[in-house]
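First up is the structure itself, then whatever we jot down about it.
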Amino acid sequence: MKKIGTTIKYIRKQKKLTQKETYAGIISRTFASNFENGYYNIESEKLFKILQRLGTSINEFEFLHYGENDDKFSYVLSIIDQAATTGDYSQLQKIHQKFENSTSLHDQAILALAYVKIYVHGHNPLSMSLMPTIPLKIHLEQTKEWTFFELRAFVDGIFMFRRDLDSLPLCMERAVKSFKKYRCLYELKSSSEQSIASIFLNYVQIALVSFDYNRDHYSLVNKYPNTQDVDDFSSQLTIQFSKFLQNLYFGNNSEKDFSDSKEFLTMLKKLNFKDYVVFKEIYDYHIPYSKRYRQNHKQQT
């Protein structure tokens, strides 16, 4: 089993902190070295102080400490993601069956995540009930400190909040907060950037539909990440596309906004961008609605 000190050392190095900055006034330098090398354990009170010094919640620490070996965290999450990406719905159904009889709230969240993937990526999603997704929605609402699991679950799970405009902003704040944490960890940086970019795009679409194109409500999206906040190229493109989508409705120059967004899609096609087809479908869906919005808004003003 991985030692607590090993995980603390990993977090400390990822945050570029020295042992002195991390342990001063809590444990001695000699004890700290032995602790990080797995020779000593530590009292819970001192552990909490160290985590506070590292700016890491106990929930986040548990994820990092147990996640690499815990079947319910990184392994299952990677299997779910891979199955959804490749369209392997039989694998998603196996995971669903594995956890469907568990009474654990966390197991129920994983169960719901597998179901969400089937629902979102399935061939006929509208024929499926939303009831099995409720445990995941409750889990995201009640968990104040999100780990990487919650961040990734929210990528597709955000659709559960499209009519819950009270919980949605709260979950968005948690998503951005967890993104800022995990992008500082080398092993999770790319995935966290891709996750927040997808969440942002989904949120923009929800805002456009659920907020009835209301500029006051829609301005909330401007609080969330821009292309300069991520290094991953595909994430930058996703966020940029989200911005173009906004401009279709709210840009100052309609001809230029439509032309720029179309040119951007053409570039994605030439790049063989993996999500080009999805982006094109989203674009085609919003074109008539954005034109109608502009026309109505022009008449009202």
Side-chain angles (χ1 to χ4, degrees), residues 76-77 80-89 92-93 95-96 99 108-143 146-179 191-214 217-218 220-221 223-225 235 238-239 241-242 245-246 249 274-275 277-286 289-290:
V76 173
L77 188 58
I80 289 175
D81 282 344
Q82 180 65 23
T85 301
T86 59
D88 187 353
Y89 303 110
L92 290 172
Q93 289 169 349
I95 295 173
H96 188 273
F99 292 101
Q108 288 296 309
I110 291 177
L111 174 70
L113 179 58
Y115 187 89
V116 164
K117 291 289 187 179
I118 299 173
Y119 187 100
V120 173
H121 299 281
H123 299 293
N124 188 20
L126 296 181
S127 67
M128 301 171 68
S129 169
L130 285 175
M131 288 299 291
T133 69
I134 291 178
L136 181 59
K137 186 174 187 292
I138 294 173
H139 177 77
L140 293 174
E141 288 174 327
Q142 294 183 351
T143 304
W146 281 13
T147 68
F148 193 63
F149 172 82
E150 284 78 28
L151 178 65
R152 292 294 293 276
F154 194 53
V155 171
D156 288 318
I158 189 174
F159 86 92
M160 298 182 295
F161 297 87
R162 64 185 184 276
R163 294 181 181 175
D164 187 349
L165 302 186
D166 293 324
S167 294
L168 180 59
L170 175 64
C171 287
M172 282 298 297
E173 294 288 353
R174 291 172 180 172
V176 172
K177 183 179 178 181
S178 59
F179 155 69
S191 294
S192 64
E193 291 183 348
Q194 291 170 10
S195 295
I196 200 65
S198 295
I199 288 169
F200 181 63
L201 175 57
N202 290 336
Y203 181 69
V204 166
Q205 294 183 80
I206 290 173
L208 289 171
V209 175
S210 300
F211 296 160
D212 296 323
Y213 318 119
N214 184 302
H217 288 295
Y218 190 75
L220 291 172
V221 303
K223 297 193 304 180
Y224 302 116
S235 301
T238 300
I239 292 174
F241 176 70
S242 304
L245 207 58
Q246 297 175 56
Y249 290 84
K274 61 183 179 61
D275 288 328
V277 174
V278 175
F279 284 9
K280 182 65 164 59
E281 290 177 354
I282 294 173
Y283 172 81
D284 289 343
Y285 173 83
H286 282 282
Y289 288 102
S290 60

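Small disclaimer: the values here were computed from a predicted structure and weren't measured. Residue numbers count from 1 along this sequence.
In this structure, CG on Leu208 lies 5.5 Å from CG on Leu245, to the nearest 0.5 angstrom. Atom CZ of Phe159 is separated from atom CD of Gln205 by 13.5 Å, given to the nearest 0.5 angstrom. Here NZ of Lys137 is found 7.5 Å from SG of Cys171. Values are rounded to the nearest 0.5 Å. The structure places CD of Gln246 at 11.0 Å from NE2 of His286, a figure rounded to the nearest 0.5 Å. Remark: Asn202 CG to Phe161 CZ distance equals 12.5 Å, nearest 0.5 Å.
Under the side chain to side chain contact (heavy atoms under 4.5 Å, CB included) criterion, Ser198 pairs with Val155, sequence neighbours left out. Not counting sequence neighbours, Asp166 has no partner by the salt bridge (Lys or Arg N to Asp or Glu O under 4.0 Å) test. The side chain to side chain contact (heavy atoms under 4.5 Å, CB included) search around Asp275 returns Phe273, Phe279, not counting sequence neighbours. Residues passing the side chain to side chain contact (heavy atoms under 4.5 Å, CB included) test with Lys177 are Glu145, Lys181, sequence neighbours excluded. Ser235 meets the side chain to side chain donor-acceptor pair (under 3.5 Å) test with Asp232; sequence neighbours excluded. Scanning for side chain to side chain contact (heavy atoms under 4.5 Å, CB included) contacts around Ala175 gives Trp146, Leu151, Phe154, Ile196, Ile199, with sequence neighbours left out.
A donor and an acceptor atom, one from each side chain of Thr143 and Glu150, are nowhere located under 3.5 Å apart.
For Arg174 (side chain) and Leu140 (main-chain N/O), a donor-acceptor pair under 3.5 Å exists by modelled atom type.
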